[in-house]
Amino acid sequence: MEFMLDTANITEIKKYGAFLPLAGVTTNPSIIKKEGEMNFFKHMQEIRSLIGKERSLHIQVVAQDYEGMMEDARAILENVDQDVFVKIPTTPEGLEAMKELKKQGVNVTATAIYTKFQAYLAIAAGADYIAPYFNRMENLNIDPREAISEMAAEIARTNSSTKILAASFKNVAQVNAACECGAQSATMGVDIIAAGTTLTSVQNAVDTFTTDWESVYGRGKRISDLCIYQWN
Ligand code: G3P
């Protein structure tokens with residue numbers, strides 16, 4: 001699975017990007033709000049320079065009408081770079097914008113997906129990624145597991161290259177479920193990554209390995225200290 005970070009926080013991207021097999025960074029206006037007022041394009045450029053061109057950067061339009069979405073998309077592409085995945089809400093106006101942007105060869109991520117029907121439309125419109133909102137669907141009594149499985153089936157049926165970028169997670173189990181139902185990618189906040197990578201049992205196991213080793217070779221001794229040949 002592709003792991004993406006759903007944040008615009010530079011410190012978080014640096015910290016978690018250092019150890020994650022990071023595939024990309026996703027943002028939306030609510031995520032931008034968390035950072036407070038900023039020089040938007042400069043901040044997005046900074047994220048790009050941190051993650052490089054080999055990882056995807058997804059930036060959302062704010063306008064709700066077709067013309068406005070197209071203008072937002074152009075502004076993003078011109079002021080950040082042409083490789084950005086422009087995130088477009090999957091509304092009627094958004095679908096119109098997606099079709100036009102795909103005609104122009106722009107990378108598109110269809111977002112705010114709560115239903116299978118929205119997903120099927122976005123796949124047909126040629127979106128590169130579709131972003132179903134896992135937790136928000138659950139809150140509406142829509143089964144995200146069934147929906148994501150059917151989205152994956154539709155992609156297979158239509159031999160489409162669209163990828164499912166599951167989003168809106170409140171816990172690690174939801175991420176696992178999205179992956180197991182066929183999502184190729186998932187974007188999540190660092191709270192989810194932290195919860196999934198800092199289990200007490202894991203740390204206890206690692207501590208025991210250290211204690212056992214040091215009981216034989218001495219405190220602070222490492223394997224590298226035993227080398228006959230020293231690297232430096
Ligand atoms: O990427 C979409 C995601 O940010 C929505 O998440 O937590 O606001 O439901 P949430």
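Remember, it's 1-based here, ligands and their atoms both numbered in the order they're listed. What you are looking at is a predicted structure, and each value in this text was computed from that prediction instead of being measured.
- Below 3.5 Å of separation, one finds an N or O of Asn28 facing an N or O of ligand 1.
- Both the backbone and the side chain of Ser168 come within 4.0 Å of ligand 1, judged by heavy-atom distances.
- For Thr26, the closest heavy-atom approach to ligand 1 does not fall below 4.0 Å.
- Under a 4.0 Å criterion applied to the non-hydrogen atoms of Lys170, ligand 1 contributes the atoms 7 (O).
- If you look at Phe169 next to ligand 1, there are no close heavy atoms at all, none under 4.0 Å.
- Contact atoms of ligand 1 toward Ala167: 1 (O), 2 (C) (distance under 4.0 Å to a heavy atom of the residue).
- Ligand 1 lies less than 4.0 angstrom from a heavy atom belonging to Asp6.
- Classified by interplanar angle (parallel below 30°, tilted 30° to 60°, perpendicular above 60°), the ring pair Tyr129/His58 is perpendicular.
- A pairwise comparison of heavy atoms in Ala127 and Ile130 identifies CB-CG2, 4.3 Å as the closest pair.
- The minimum heavy-atom distance between Asp128 and Phe85, with the atom names listed, is CB-CE2, 3.8 Å.
- Nearest heavy-atom pair, Met44 versus Ala8, reported as atom, atom and distance to 0.1 Å: CE-CB, 4.5 Å.
- For the side-chain hydrogen bond (donor to acceptor under 3.5 Å, both in side chains) criterion with Asn9, the lone passing option out of Glu35, Lys14, Lys34 is Glu35.
- In this structure a side-chain-to-backbone donor-acceptor pair under 3.5 Å is missing from Glu214 to Lys221.
- Short contacts between ligand 1 and Arg136, defined as distances under 4.0 Å to a heavy atom of the residue, involve ligand atoms 5 (C), 8 (O), 9 (O), 10 (P).
- Closest to atom 2 (C) of ligand 1 among all protein heavy atoms lies Tyr133 CE1, 3.4 Å.
- What you find for Arg157 and Glu150 is that their closest heavy atoms are NH2-O, 4.2 Å.
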